[in-house]
Structures are given as C-alpha cells and as structure tokens.
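We count residues from 1, following the sequence as given.
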Amino acid sequence: MDDTANAQIDAGNDASLRRRGRLHSEAARKLRAMIVSGELPPGERLREVRICNQLGVSRTPVREAFRTLAAEGMVELLPNRSVVVAQLRSPDVEHLYQVVAALEALAGELACQRINEAEIAEIAAIHSDMVGCYERRERSAYLDLNHLIHRRVVEIASNPVLLATWESLLPRVERARAIANLEPSRWIAAVHEHSKMFAALAARDGALLARLTREHFMNGLKFVPTGDS
C-alpha cells in the first residue's frame, strides 16, 4: 500500500472520529438540556433505544453521552447497566450552591472593576428581555437569558481559572436552579433579586453585588427539592 493510500485511510479515520465526536457532544448537550429543564426528571430511567430514536443517533454516541453526563453528576450508571437521572441530594446541593455562590460573588467583584459602558448596556438589554420572558411566562427562554447574564458576569471578570471552575459546576447548578424556579413565588423573587444585582453591577459596587449574589443563591436553595428530603 503506497503513501497516498495510507494518507487517504488516515484522513478517513480522522473524519470518522470527528463525526463521532460531534454526535457524542450533541447527544450529551441535548440530554443535558432535557435534564436541566426538568423534561427528564430525577429518577427517570433513560432507556437506550428510546433515547436513540428521540435524538436520531446510534447507540454509541448515546452511550458516550451517558458516560459524560455521569462524570458531571447528571445521571447515575447502575450496576445492572441501566441509566437514571440523578437525584438532587442534600447536603450535596447545599455544598454545590455554597461553592458556586462564592465563585459568582468573586466574579461580580472582579466584573465591577473591569466592566465598561457597552457591557453594562449589553447586560441591561438581556435583563430587560429576561423580565419580558417572565411576564409572558416563557420559562425556557427566561432560563436561557438568566444563564446568559450569569455567564457574562463571569466572563467579564476575566479570570480564566474562575471561568473554567464555574463551567465545570454549571450543569448541576443550572439544573437545581431551574427546578427551584418552578415554584411561582421563587420565580418572581428571583426576578427582583436580579434587578437589584444588575443595579449593583451598573453602579460598579462590587461588595454589594457579591452580597446580593450569595443571597440570590441561598434564597433559591430553599426551593430545591431533594431526593432524600
């Protein structure tokens, strides 16, 4: 076999690996979104064939997605080879909230030191759209915009270690936060809290934003149902 043939085989293998990687990443992304939104509730058994049909992919990307989500704590791989959506358990959720609240409080302090007028205007627009989604009870869009606000503050903080650590914990905390906001009283309270947090950010008051951020997280914790409560 000549070098040209070997190169063609290598190129084909590389393309196959990239395609498989894309399918796995997309399957993991879709399943993660379904878990975070509550479409796949805690304790739900994920039947491989049904998930394959639902996502339109073969078993291999789905199995790889299950392993990825298990590493994130989103699903549990049981000894009998079944897969279930992980329960939210206390004190695990409390520990998670404490850490992410501290990370976002630090991000808020750093962001207040570095944010510019264009970024304040950007977050103001996102916040306004988010409030509009709340008023129309468009929960999915609200959650997307809520997530975007939190992400932009962490990004504006311009600390890559902080961002990487926050991103590693994000799927689990987003899931808990989405479930908490199913409670109507928590949802409206969260909207008011975000308004105060934005005002502190716009005023570049890092100490106030840090305090409000911690309170925002811990207020939400009270509304997160856990499998052992």
Side-chain angles (χ1 to χ4, degrees), residues 16-104 107 139-152 154-155 160-183 217 220-221 223-229:
S16 178
L17 287 173
R18 286 195 298 271
R19 181 175 182 276
R20 192 174 78 176
R22 286 195 299 271
L23 290 173
H24 154 234
S25 298
E26 184 65 9
R29 184 191 68 79
K30 289 180 179 178
L31 284 171
R32 187 184 297 113
M34 293 164 72
I35 293 170
V36 167
S37 69
E39 182 179 345
L40 295 174
E44 175 89 357
R45 183 178 177 185
L46 303 183
R47 300 181 186 277
E48 189 175 282
V49 173
R50 181 170 64 83
I51 295 296
C52 289
N53 292 334
Q54 193 169 358
L55 301 185
V57 296
S58 65
R59 292 189 175 191
T60 297
V62 168
R63 288 173 180 172
E64 291 175 348
F66 286 162
R67 286 193 286 270
T68 296
L69 296 177
E72 295 175 358
M74 303 288 281
V75 304
E76 296 177 358
L77 307 179
L78 302 183
N80 63 359
R81 301 186 65 181
S82 63
V83 181
V84 298
V85 178
Q87 295 282 356
L88 295 169
R89 302 190 186 282
S90 179
D92 294 347
V93 176
E94 182 177 1
H95 294 162
L96 176 66
Y97 264 54
Q98 288 171 344
V99 172
V100 177
L103 290 172
E104 291 206 16
R139 186 170 174 275
S140 179
Y142 171 91
L143 289 173
D144 288 343
L145 293 169
N146 181 290
H147 163 74
L148 182 56
I149 290 172
H150 285 267
R151 172 172 286 279
R152 288 299 292 129
V154 177
E155 289 173 342
V161 176
L162 173 58
L163 176 60
T165 305
W166 179 81
E167 285 184 328
S168 72
L169 299 172
L170 184 64
R172 283 186 288 163
V173 77
E174 285 293 288
R175 177 188 177 206
R177 192 152 51 193
I179 292 174
N181 282 341
L182 286 172
E183 169 60 44
F217 271 89
L221 178 61
F223 292 87
V224 180
T226 56
D228 50 3
S229 61

Do the non-hydrogen side-chain atoms of L55 and L31 ever get within less than 4.5 Å of each other? yes
Quick one: are L163 and E167 in side-chain contact, heavy atoms under 4.5 Å? yes
Sequence neighbours excluded, which residues qualify as side chain to side chain donor-acceptor pair (under 3.5 Å) partners of [X]?
X    : value
Q54  : none
R139 : none
N53  : none
E48  : R59, R63

Do NZ/NE/NH1/NH2 and the carboxylate oxygens of E155 and R151 come within less than 4.0 Å? yes
Salt bridge (Lys or Arg N to Asp or Glu O under 4.0 Å) pairs, two or more places apart, involving residues 33-47: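 Salt bridge (Lys or Arg N to Asp or Glu O under 4.0 Å) check on residues 33-47 returns E44-R50.
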Taking all non-hydrogen atoms of both residues into account, name the closest pair between [X] and [Y] and its distance.
X    : Y    : answer
A28  : L69  : O-CD2, 4.0 Å
G220 : Y97  : C-CE2, 4.1 Å
A65  : H24  : N-CD2, 3.5 Å
T165 : V161 : OG1-O, 2.9 Å
A176 : V224 : O-CG2, 3.7 Å
W166 : E104 : NE1-OE2, 2.8 Å

Interatomic spacing from [atom1] in [X] to [atom2] in [Y] - rounded to 0.5 Å:
X    : Y    : atom1 : atom2 : result
R172 : I35  : CZ    : CD1   : 12.5 Å
L221 : E94  : CG    : CD    : 5.5 Å
E174 : N146 : CD    : CG    : 6.5 Å
K30  : E26  : NZ    : CD    : 4.5 Å

As a quick check of understanding, evaluate side-chain contact (heavy atoms from CB on, under 4.5 Å) for L40 and V75, giving each step before the final call. CA-CA 10 Å; L40 295 174; V75 304; over 6 Å; no
Any residue meeting salt bridge (charged side-chain N to carboxylate O under 4.0 Å, His left out) with R32, in chain and number order, not counting sequence neighbours: E72
